[in-house]
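Notes to accompany the following structure.
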Amino acid sequence: MLVSNENVEEILGKLRRNKIFVVDIETTGLHLYNKDYVTGVGIGTSDRSAYYFPISHATHWKIFDDKDSTELICANLCGGWEFGKSYDVSDVVVKEGISYVCTKNVINSEVEPCKDMVQNIDKIYFYKLIDILNNSNILIGFNIKFDLHGLIRNGLKPDHQRLVDCLVMARMCTHNRFADLDLLSTYKNFIDANAHDHKLEYKVYLKKHKIKDNREDIDAYFQSGYCCTDIQYTTELYTALTREVYKAGMSRTLELEVETTRTLLFVESFGNKIDKHYCAKTHAELNRKVSETEDKIFEITKEKDPERVNVLSNLQIGVIFHKFDIHSPTKTAAGKECWDEKVLLGIDHPLVGKIKEYRTLRKLRDTYFTPFLEEEYIHPSFKNWGTITGRLSCSEPNLQNIPRYLTALDTDKKVIDEEKQKKIIAMASLHKTASGNTAGGASLASWGYTGDEDFKDADDMISVRRLFISRPDFFLYSFDFSQMEIRVFISYLKNPRIFEEMRKSDFDFHSFVCKLVFGYDETHPEFKFWRQISKAITFGLIYGMGDDLLAGQMGKSIEEAKTFRALYFSKMEGSLDFIESVHKKVEDRGFVFNKYGRRYFLPANRSYVGVNYLIQGSTGDLVKDRMNHVYRYLETKRSRLINQIHDELLIEVHKDEEKDVPPEVIRLLEENDFGIPLKVDVAKCYPSWAHKVK
DNA sequence: CCTGACTCA
DNA sequence: CATTTGAGTCAGG
């Protein structure tokens with residue numbers, strides 16, 4: 001029901017007798033740390049009541065002379081308002097002895113006065129509500145971090161409550177990777193397949209009232225109905241999904257996620273500081289280079305086509321290459337000609353270098369610089385419901401795929417020697433099957449691969465990680481789990497010898513494999529490169545790759561790949577047993593549990609995926625577990641967790657805590673319930689994430 | 001194997 | 001005509 005100044009005290013009194021609440025906020029949009037704000041708050045209680053507190057709905061409406069808008073004609077007729085004028089929601093017009101209240105809610109020609117005033121509650125009641133939530137024991141929501149962010153912006157301090165996200169539980173109980181997990185779909189899946197589609201109703205309302213970015217104009221009555229339906233659905237889902245989670249034996253996973261939700265909530269709200277100066281400067285340089293490259297592309301293509309070619313269009317690339325009598329050797333999944341990096345490397349034509357260069361520049365500019373131009377701090381969204389394995393995913397922006405390597409700005413001047421050429425081709429071929437062609441030498445300069453991660457503020461190099469800096473008085477520290485997935489993989493093997501080996505502080509698994517397979521040790525000049533190849537192959541095995549793909553990655557024949565796999569299995573005692581036992585479980589009963597009790601369902605013909613799910617998922621859950629411990633430790637400190645990239649944590653360490661915090665964080669990260677010998681490397685990143693100070 | 005962002009069609 | 005959807009490419013683990 002809709003709360004007003006008249007009944008708010010009574011309702012707050014009722015709420016004070018509760019300790020468990022379902023929360024759902026309504027806002028003007030999704031950017032709560034930027035332009036958007038809370039328009040209303042919905043609160044549900046265990047007796048299934050739902051209350052909507054309107055906070056900042058628009059209270060001024062202009063009456064337009066619009067034939068399509070029946071409500072306004074009606075308002076005009078029944079209330080005596082004038083077209084073109086602005087009215088407050090609390091305005092009352094008396095006509096023939098009847099009071100009419102200005103409301104947007106009068107939809108059809110029912111000429112009746114509106115008795116309830118559609119008005120926001122006074123701010124003081126909102127803060128009283130926040131106070132009640134601060135003293136609660138459990139807060140329940142659907143995608144609850146979003147709602148909590150909106151409330152945190154208004155004084156909520158959820159420091160002790162259980163924060164239960166029904167979306168997280170829905171993910172845990174949904175076996176289909178592509179399933180729609182929005183509230184309505186989830187409700188239909190778990191509660192009632194024929195549930196009323198309030199979302200559609202909402203959409204129709206928005207369209208009818210021409211509401212797009214002006215969500216504050218939504219009528220509070222209407223919003224209340226929508227919000228209370230959300231609350232009702234969420235409440236029912238909470239009961240059903242909790243039961244489902246326990247029935248499936250995933251209570252431990254749930255406890256982990258409840259903690260993780262709080263950790264992530266604060267990671268997101270701290271945000272990451274952006275170097276505005278570097279952003280603006282680099283953005284300008286990129287703009288200049290983008291048009292330069294566009295011109296150069298035109299120089300090449302104009303002999304065949306007077307129009308400029310957009311090389312971001314797969315279609316147009318094909319058309320122009322055909323005019324040069326060049327055809328792609330490979331097709332995409334949908335049967336179109338493929339013009340990806342691997343294909344381009346096999347073509348000897350001046351265009352390919354420019355295409356690669358243009359793609360790189362546009363991606364950098366449009367993904368990592370343009371969106372941050374106006375931002376001082378960015379608040380990403382980490383999702384503990386984003387993956388089927390249990391890893392986090394991250395969006396707006398995705399901080400988990402910020403490029404590691406530097407990009408050369410002036411590729412024309414760059415000299416690429418033969419050694420580097422080989423590396424570029426090999427690096428590229430790691431990601432796709434080999435084409436067999438040789439690359440055109442000159443165009444390789446555009447590949448911009450440097451192998452360097454360290455940024456030295458050189459004018460001709462661009463680093464995206466250079467954008468990320470710390471607040472004044474804080475320093476960025478990076479904590480990196482060394483070869484974590486491998487260590488988790490090994491923990492599944494009955495192999496005490498390698499386990500002991502891993503406890504040695506200088507143990508490096510990829511070097512170990514490199515020596516084993518290629519016979520190259522640290523003294524070999526190309527050791528670093530071949531270690532990189534070994535790394536890719538190990539991951540391939542963990543991913544459950546077949547012999548054909550493995551051969552492609554190794555650049556060897558399928559026969560040799562088989563030999564390599566056999567050698568790997570024989571040297572890695574217990575590895576074959578583990579993989580076969582996973583296959584057997586999936587084939588026998590259809591699911592496996594990871595180390596935190598997360599359950600993975602798989603069809604028998606995809607049993608090989610189970611190996612990856614267990615390793616990736618146990619690793620993901622283990623990192624979240626350790627993150628939660630670090631978060632708890634930092635609660636009493638000034639330093640704070642600001643980012644997670646699967647096996648790396650970024651912490652802003654306060655200048656007065658540099659002595660104590662890093663060693664304790666390492667200790668907390670390496671500790672675990674499974675006796676896995678984890679190893680964490682730490683680096684101070686100053687002045688930015690791109691700079692690693694040893 | 002697990003992701004997300006941007007662009008084009 | 002605006003909005004949604006799938007594909008392609010490429011960044012990370």
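In what follows, chains are A, B, ... by sequence order, proteins preceding strands, each numbered from 1.
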Rounded to the nearest Å, what distance is computed from the [atom1] atom of residue [X] to the [atom2] atom of nucleotide [N]?
X: K336(A); N: dT9(C); atom1: NZ; atom2: P; result: 11 Å
X: F468(A); N: dA11(C); atom1: CZ; atom2: C1'; result: 13 Å
X: L361(A); N: dT9(C); atom1: CG; atom2: P; result: 19 Å
X: K624(A); N: dG13(C); atom1: NZ; atom2: P; result: 19 Å
X: Q316(A); N: dT9(C); atom1: CD; atom2: C1'; result: 16 Å
X: L315(A); N: dG8(C); atom1: CG; atom2: C1'; result: 12 Å
X: L406(A); N: dA11(C); atom1: CG; atom2: C1'; result: 14 Å
X: I542(A); N: dG13(C); atom1: CD1; atom2: P; result: 15 Å

Next on the checklist: Whether the side chain of R404(A) and the base of dG12(C) hold a donor-acceptor pair under 3.5 Å is what I'd like checked.
Outcome noted: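 Per atom types, no contact qualifies.
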What protein N or O atoms touch nucleotides 1-5 of chain C N or O atoms at under 3.5 angstrom, if any, and at what distances?
from   : atom 1 : to      : atom 2 : distance (Å)
dT3(C) : OP1    : K212(A) : NZ     : 3.0

By the 4.0 Å heavy-atom rule, please label [X] as base, sugar-phosphate, or nothing.
X: I402(A); result: sugar-phosphate
X: N401(A); result: base
X: I388(A); result: sugar-phosphate
X: E396(A); result: sugar-phosphate

Next on the checklist: Need two values: the first and the last nucleotide of DNA chain B, 5' to 3', having an atom under 4.0 Å from any heavy-atom of chain A.
Outcome noted: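 The protein-touched segment is dC1(B) to dA9(B).
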Next on the checklist: Let's see if you can work this out: which of dG13(C), dC10(C), dT9(C) has an atom nearest to the side-chain heavy atoms of K363(A)?
Outcome noted: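 Ranking dG13(C), dC10(C), dT9(C) by closest atom to the K363(A) side chain puts dC10(C) first.
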Checklist entry - Does S607(A) have any side chain to side chain donor-acceptor pair (under 3.5 Å) partners at least two apart in sequence or in another chain, and if so, which? => result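 E587(A).
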Checklist entry - Can you list the residues that meet the side chain to side chain donor-acceptor pair (under 3.5 Å) rule with Y377(A), with sequence neighbours excluded? => result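 Side chain to side chain donor-acceptor pair (under 3.5 Å) list for Y377(A), sorted by chain: empty.
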Next on the checklist: In this structure, is the centre-to-centre distance between the rings of Y608(A) and H583(A) below 6.0 Å?
Outcome noted: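 Centroid distance H583(A)-Y608(A): not below 6.0 Å, so no.
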Next on the checklist: Would you say the ring centers of Y600(A) and F591(A) fall short of 6.0 Å from each other?
Outcome noted: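 Not under 6.0 Å, so no.
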Checklist entry - In this structure, which one of N384(A), D165(A), N628(A) forms a side chain to side chain donor-acceptor pair (under 3.5 Å) with T261(A)? => result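 It is N384(A), the one option of N384(A), D165(A), N628(A) that forms the side chain to side chain donor-acceptor pair (under 3.5 Å) with T261(A).
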Next on the checklist: What I'd like to find out is whether the side chain of L614(A) reaches to under 4.5 Å of the side chain of V592(A), using heavy atoms alone.
Outcome noted: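 When only atoms from C-beta onward are counted, V592(A) and L614(A) do touch, with a gap below 4.5 Å.
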Checklist entry - Does any donor atom in the side chain of N594(A) or D621(A) lie under 3.5 Å from an acceptor atom in the other side chain? => result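 Judged by distance alone, the side chains do pair up.
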Next on the checklist: The criterion is salt bridge (Lys or Arg N to Asp or Glu O under 4.0 Å); which residues satisfy it with K584(A), sequence neighbours excluded?
Outcome noted: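 Partners of K584(A) under the salt bridge (Lys or Arg N to Asp or Glu O under 4.0 Å) test: D588(A).
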Checklist entry - Who pairs with R362(A) by salt bridge (Lys or Arg N to Asp or Glu O under 4.0 Å), at least two apart in sequence or on another chain? => result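 Partners of R362(A) under the salt bridge (Lys or Arg N to Asp or Glu O under 4.0 Å) test: D366(A).
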Checklist entry - Where does the angle between the aromatic ring planes of F507(A) and F509(A) fall among parallel (under 30°), tilted (30 to 60°) and perpendicular (over 60°)? => result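 Plane angle over 60°, so perpendicular.
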Item to check | Residue whose closest nucleotide on DNA chain B lies nearer the 5' end, S395(A) versus T389(A) | outcome: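 It is T389(A), whose closest nucleotide lies nearer the 5' terminus.
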